[in-house]
Chemist: 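Would you mind keeping the following structure in view while I ask a few things?
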Amino acid sequence: MTSVDLKEAAAAYEAASQYFLNLARAVTPELMDVHAENEWSARQCIHHMADSEAQSYARLRRLIAEPEGSIIQGYDEAAWANEPKLAYADGDVANSIAVYAAVRAASLDVVKRLEESDLEKFGEHTEAGKYSVARWLETYTKHPYDHGDQMVRATKGQA
């Protein structure tokens, strides 16, 4: 990637953030818990994205600041989604939307300061192996679209 590419990557990351935020804020209460077959509801997607982005926020900082090869801890998304105390099934989404917005904005600040040499910095993800800043950027630029599209399907009741 070049500096121009990094600017484009930052813009793409920001656009992905906004895409999901716009969808999450637009879900009406009567559609919040509609499910497409074998998929999460909008409520579950919103809570997942807050948790996932909180993890990504910490991962990016580890990748940038800690020695290469540091451990990047995975987590069991399904266990989090099924844990009643985390309220994926029935919890208010306001705080999760706020968390998502805040951590994406803070991570975008870091993305905008990246240099080409930063893209090769890496850690060892406990589930995915070698995990570079470039891979982080690709993964977390795509992630809001994946779950945003899932919310659109859910609110229409489509698989």
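In this chain, numbering begins with 1 at the start of the sequence shown.
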Chemist: Is the side chain of N82 donor-acceptor paired with the backbone N or O of A78 at a distance under 3.5 Å, no angle test?
Modeler: yes
Chemist: So which residues get pulled into I71's cluster when ILVMFWY side chains under 4.5 Å apart are joined, directly or through others?
Modeler: none
Chemist: Measure up the F20 and Y100 rings against each other and bin them: parallel (under 30°), tilted (30 to 60°), perpendicular (over 60°).
Modeler: tilted
Chemist: Do NZ/NE/NH1/NH2 and the carboxylate oxygens of D146 and K142 come within less than 4.0 Å?
Modeler: yes
Chemist: Could you tell me whether the side chain of S56 and the main chain of E53 form a donor-acceptor pair under 3.5 Å?
Modeler: yes
Chemist: Taking atom OG of S52 and atom CD of E77, what is their separation to the nearest 0.5 Å?
Modeler: 6.0 Å
Chemist: For the CD atom of E124 and the CD1 atom of I72, what is their distance to the nearest 0.5 Å?
Modeler: 9.0 Å
Chemist: Can you get from V27 to V99 by hopping between Ile, Leu, Val, Met, Phe, Trp and Tyr side chains that sit under 4.5 Å apart?
Modeler: no
Chemist: Compute the centroid of each ring, for H48 and then for W40, and state whether the two points are separated by less than 6.0 Å.
Modeler: yes
Chemist: Give a yes or no on whether the backbone of Q73 and the side-chain of T126 come within a donor-acceptor separation of less than 3.5 Å.
Modeler: no
Chemist: Where do A9 and L137 come nearest, in terms of heavy atoms and distance?
Modeler: CB-CD2, 3.6 Å
Chemist: Does any non-hydrogen side-chain atom of L6 lie less than 4.5 Å from one of L119?
Modeler: yes
Chemist: Considering only heavy atoms from C-beta outward, does the side chain of M32 approach that of S41 to under 4.5 Å?
Modeler: no
Chemist: Between H125 (side chain) and E127 (backbone), is there a donor-acceptor pair under 3.5 Å?
Modeler: yes
Chemist: How many angstroms lie between CG in L23 and NE2 in H147, if you round to the nearest 0.5 Å?
Modeler: 13.0 Å
Chemist: Closest heavy-atom contact between Y140 and Y131?
Modeler: CE1-OH, 3.5 Å
Chemist: Give a yes or no on whether the backbone of S117 and the side-chain of E115 come within a donor-acceptor separation of less than 3.5 Å.
Modeler: no
Chemist: For Y145 and A16, work out which heavy atoms get closest and say how close.
Modeler: CE1-CB, 3.3 Å
Chemist: Let me confirm one number: the NZ-OG distance from K130 to S132, rounded to the nearest 0.5 Å.
Modeler: 7.5 Å
Chemist: Determine whether R104 and E14 satisfy the following criterion, side-chain contact (heavy atoms from CB on, under 4.5 Å), listing intermediate values before the conclusion.
Modeler: CA-CA 8 Å; R104 287 289 291 198; E14 186 172 22; over 6 Å; no
Chemist: When you look at N22 and Q18, which way does the side chain to side chain donor-acceptor pair (under 3.5 Å) test go after all the steps?
Modeler: CA-CA 6 Å; N22 289 343; Q18 201 56 52; 2.9 Å; yes
Chemist: Between L60 and V103, is there shared hydrophobic-cluster membership here, with clusters defined by ILVMFWY side-chain heavy atoms closer than 4.5 Å?
Modeler: no
Chemist: Could you give me the CA-CA distance, side-chain angles and deciding distance for W80 and Y75, then say whether ring pair (Phe, Tyr, Trp, His ring centres under 6.0 Å) is met?
Modeler: CA-CA 8 Å; W80 288 38; Y75 71 104; 4.4 Å; yes
Chemist: Quick one: side chains of residues 61-69, donor-acceptor pairs under 3.5 Å with protein atoms, not counting sequence neighbours, listed by atom name and distance.
Modeler:
unit_1 : atom_1 : unit_2 : atom_2 : d
R61    : NH1    : Y57    : O      : 3.1
R61    : NH2    : A106   : O      : 3.3
R62    : NE     : E66    : OE1    : 3.1
R62    : NH2    : E66    : OE1    : 3.1

Chemist: Side chains of L21 and R25, heavy atoms from C-beta outward: is any pair under 4.5 Å?
Modeler: yes
Chemist: Provide the closest heavy-atom pair for T141 versus P144 in the form atom of the first, atom of the second, distance.
Modeler: O-CD, 3.5 Å
Chemist: To the nearest 0.5 Å, tell me how far Q150 CD sits from T155 OG1.
Modeler: 11.0 Å
Chemist: Kindly give the heavy-atom pair with the smallest separation between M151 and I46, and that separation in Å.
Modeler: SD-CG1, 3.7 Å
Chemist: Assess whether side-chain contact (heavy atoms from CB on, under 4.5 Å) is satisfied between E120 and V133, documenting all intermediate values.
Modeler: CA-CA 6 Å; E120 298 308 315; V133 172; over 6 Å; no
Chemist: As an exercise, state the distance from OG of S17 to NE2 of H143, rounded to the nearest 0.5 Å.
Modeler: 12.0 Å
Chemist: Which heavy atom in S107 sits nearest to a heavy atom in Y13, and how many Å separate them?
Modeler: CB-OH, 3.3 Å
